[in-house]
Amino acid sequence: MKNIKYLFLFGFLISVMACTEGFEEINTNPNAPIEVQPSLLLRQVIYDYGDEMSYEGFVAGNLLGQYFTEIDFNLFDRHSLTEPQVGGNPWPVLYTNLRDNELILEQVKANAALAVYEGPALIMKAYLTMALTDIFGDVPYSEALKGAEGEVSPVYDAQEAIYTAPAGILANLEAGIAALENYQGSIPLAGDILFDGDLSGWVRFANSLQIKALMRIADRQDVGADLQALYDAGNYLSTNEQNATFDFTDGQPNNFRMANLRAGDFNLFIMSETIQEILTELEDPRQAVWFRPIGNDPGQTQYQGLLNGPDASQTSISVADYSLTGTIFRENTGNLDANFLTAWETHFFLAEAAERGLINADAQALYELGVTQAFAYWQTSLPADYLSAGAAAYGNNGANKIEQIITQKWLANIINGYEGWIEYRRTGFPALKTIAASLNNDLIPVRMPYPTEEAALNTANFTAAAAATNDNSINSRVWWDKE
């Protein structure tokens, strides 16, 4: 009887094994792949970041940088940055795209045939990480993006290490360039909406990013030799045709997101008094590209800005009295780019480096080239005397040359509002104003606060990072922001 029982059990096990053999293959839908192709991931990372951060730059970065003023639902414009309303929460945008970009690198490690994607993915990792740490300061990095390995509580890395440590921003840029220059395969780079598969474009982009990163940390590190080598090699973004940008369209699905908001939401944003005064002093014709005349009247030639941070509950504001943002941000977004990095921004960084004595170069020539390219980028004719007379002329009437360089870079970065604010924090230029009804003791924020979800989802590490920033204060300077 015992033998019969064992035979029955053995037969049952054999039948179970037979039933489960090939189970995974049988139950896998061939039309629903479990792994996304790197070409689709690369396209997604580039497009999503460009789309999301252009929107974030418009509705939040441009308030911090005092390009625009928000006239209602404007706690963010009054510098209560823990209460994002229309926008002001770039954390999930950056980490989502860092995660998707990391999937590309994991696929490259697993399949040598995909080596062409390694360089661009390392460069994008450096780019996204730079945006993240420049906005927030210390952030989860070395232990981040490892949820599949069970790491769900990553430590916050110090910004200095994020920039300079092995596998940090600068190291990833160097590794990305090396991967591109050493690539010997025949598989083309698909999904590349920045450079259409041109690997040399990615190398130039990475070199310009190195210039940008080195200038960010120039008050903390000796960067002169590295900058000089990059300048002498000349293999950076040099013309607008080489810019790291992609075009929005006039219609859906690829138009600028502000074009899809109802008019009432779009009209919350008007010209800031800060940028109005600067454009007026410069007699800058780009004013007509970025803003509309008072009352949105084409027959008008007068522009009017409003001091940032009004208390809408105490102030009656009529948009007819001020300049709305320009048609390029709504009706004509086919003329607008998602801007990652440009030749004019690179030349402004080099002009500053030259003026500060970090490189041996002609600062004025670099400045004037940057201005010329920035006007062309914004499809505006450069006035004949713009660079020879008046406020934009280099060093004219004892002007502060560094202030001139940074102000011109700030102006042209109006689609990248966070960049203008970051550069203000680094240099103090242009001089931003004390806002009308501050919720931050009349102080200009110098970092974004960590989002409240971090306190719940990564409690111990968030608590340590908050303690290091004076209780997650928006007035606590990041490492490179040396007083």
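The figures here come from the full heavy-atom set of this structure, side chains too, leaving out hydrogens, waters and symmetry mates.
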- Message: Working to the nearest 0.5 angstrom, can you tell me the gap between Glu345 CD and Asn413 CG?
- Response: 4.5 Å
- Item | Phe269-Phe329 aromatic ring centre distance below 6.0 Å | no
- Listed partners of Val289 passing side chain to side chain contact (heavy atoms under 4.5 Å, CB included), at least two apart: Ile328, Trp378, Thr380
- Task: Provide the closest heavy-atom pair for Leu180 versus Gly119 in the form atom of the first, atom of the second, distance.
- Result: CG-CA, 3.9 Å
- Output yes when a side-chain donor or acceptor of Asn458 lies under 3.5 Å from a complementary backbone atom of Pro154, and no otherwise. yes
- Residue pair Glu160, Arg220: steps toward the salt bridge (charged side-chain N to carboxylate O under 4.0 Å, His left out) verdict: CA-CA 9 Å; Glu160 180 178 5; Arg220 290 290 188 181; over 6 Å; no
- Task: Examine the side chains of Ser272 and Gln66 and answer whether a donor and an acceptor come within less than 3.5 Å of each other.
- Result: no
- Item | Nearest heavy atoms of Val446 and Val478, plus distance in Å | O-CG1, 4.3 Å
- Item | Test log, rule side chain to side chain donor-acceptor pair (under 3.5 Å), inputs Asn335 and Asn332 | CA-CA 6 Å; Asn335 294 327; Asn332 301 316; 5.3 Å; no
- Message: I'd like to know if the side chain of Asp219 and the backbone of Lys482 have a donor-acceptor N/O pair within less than 3.5 Å.
- Response: no
- Tell me whether the centres of the aromatic rings in Phe136 and Trp91 are closer together than 6.0 Å. yes
- CZ-CG distance between Phe68 and Leu268, expressed to the nearest 0.5 angstrom: 12.5 Å
- For a side chain to side chain donor-acceptor pair (under 3.5 Å) with Lys409, tell me which candidate from Glu423, Glu352, His347 qualifies. Glu423
- Query: Can you tell me if Asn475 and Asn470 form a side-chain donor-acceptor pair at under 3.5 Å?
  - Reply: no
- Message: Applying the ring-ring contact (aromatic ring centres under 6.0 Å, His included) criterion to Tyr47, which one of Phe340, Phe248, Phe246 satisfies it?
- Response: Phe246
- Establish, from distance only, whether the side-chain atoms of Asp138 and Tyr450 form a donor-acceptor pair under 3.5 Å. no
- Test log, rule side chain to side chain donor-acceptor pair (under 3.5 Å), inputs Asn243 and Asn240: CA-CA 5 Å; Asn243 288 344; Asn240 280 341; 3.2 Å; yes
- Item | Matching residue for Tyr67 among Trp290, Trp421, Trp410, Tyr424 - test: ring-ring contact (aromatic ring centres under 6.0 Å, His included) | Trp410
- Task: Would you confirm whether Glu143, through its side chain, and Glu151, through its main-chain N or O, come within 3.5 Å as a donor-acceptor pair?
- Result: no
- The single option from Arg425, Arg426, Arg216 passing salt bridge (Lys or Arg N to Asp or Glu O under 4.0 Å) against Glu419: Arg216
- Ser200-Asp198 side chain donor-acceptor pair, cut-off 3.5 Å: yes
- Task: Could you grab the distance from atom CD1 of Ile211 to atom CG of Leu173, nearest 0.5 Å is fine?
- Result: 11.0 Å
- Glu102/Lys146 salt bridge by N-O under 4.0 Å criterion: no
- Return yes if a side-chain donor-acceptor contact under 3.5 Å exists between Asn255 and Thr333, otherwise no. no
- Distance-only polar pair, side chains of Asp157 and Ser142, donor-acceptor under 3.5 Å: yes
- Please name all residues satisfying side chain to side chain contact (heavy atoms under 4.5 Å, CB included) with Leu439, sequence neighbours left out, ordered by chain then number. Leu75, Arg78, Ser80
- Message: Under 3.5 Å, is there a donor on one side chain and an acceptor on the other for Asn260 and Gln252?
- Response: yes
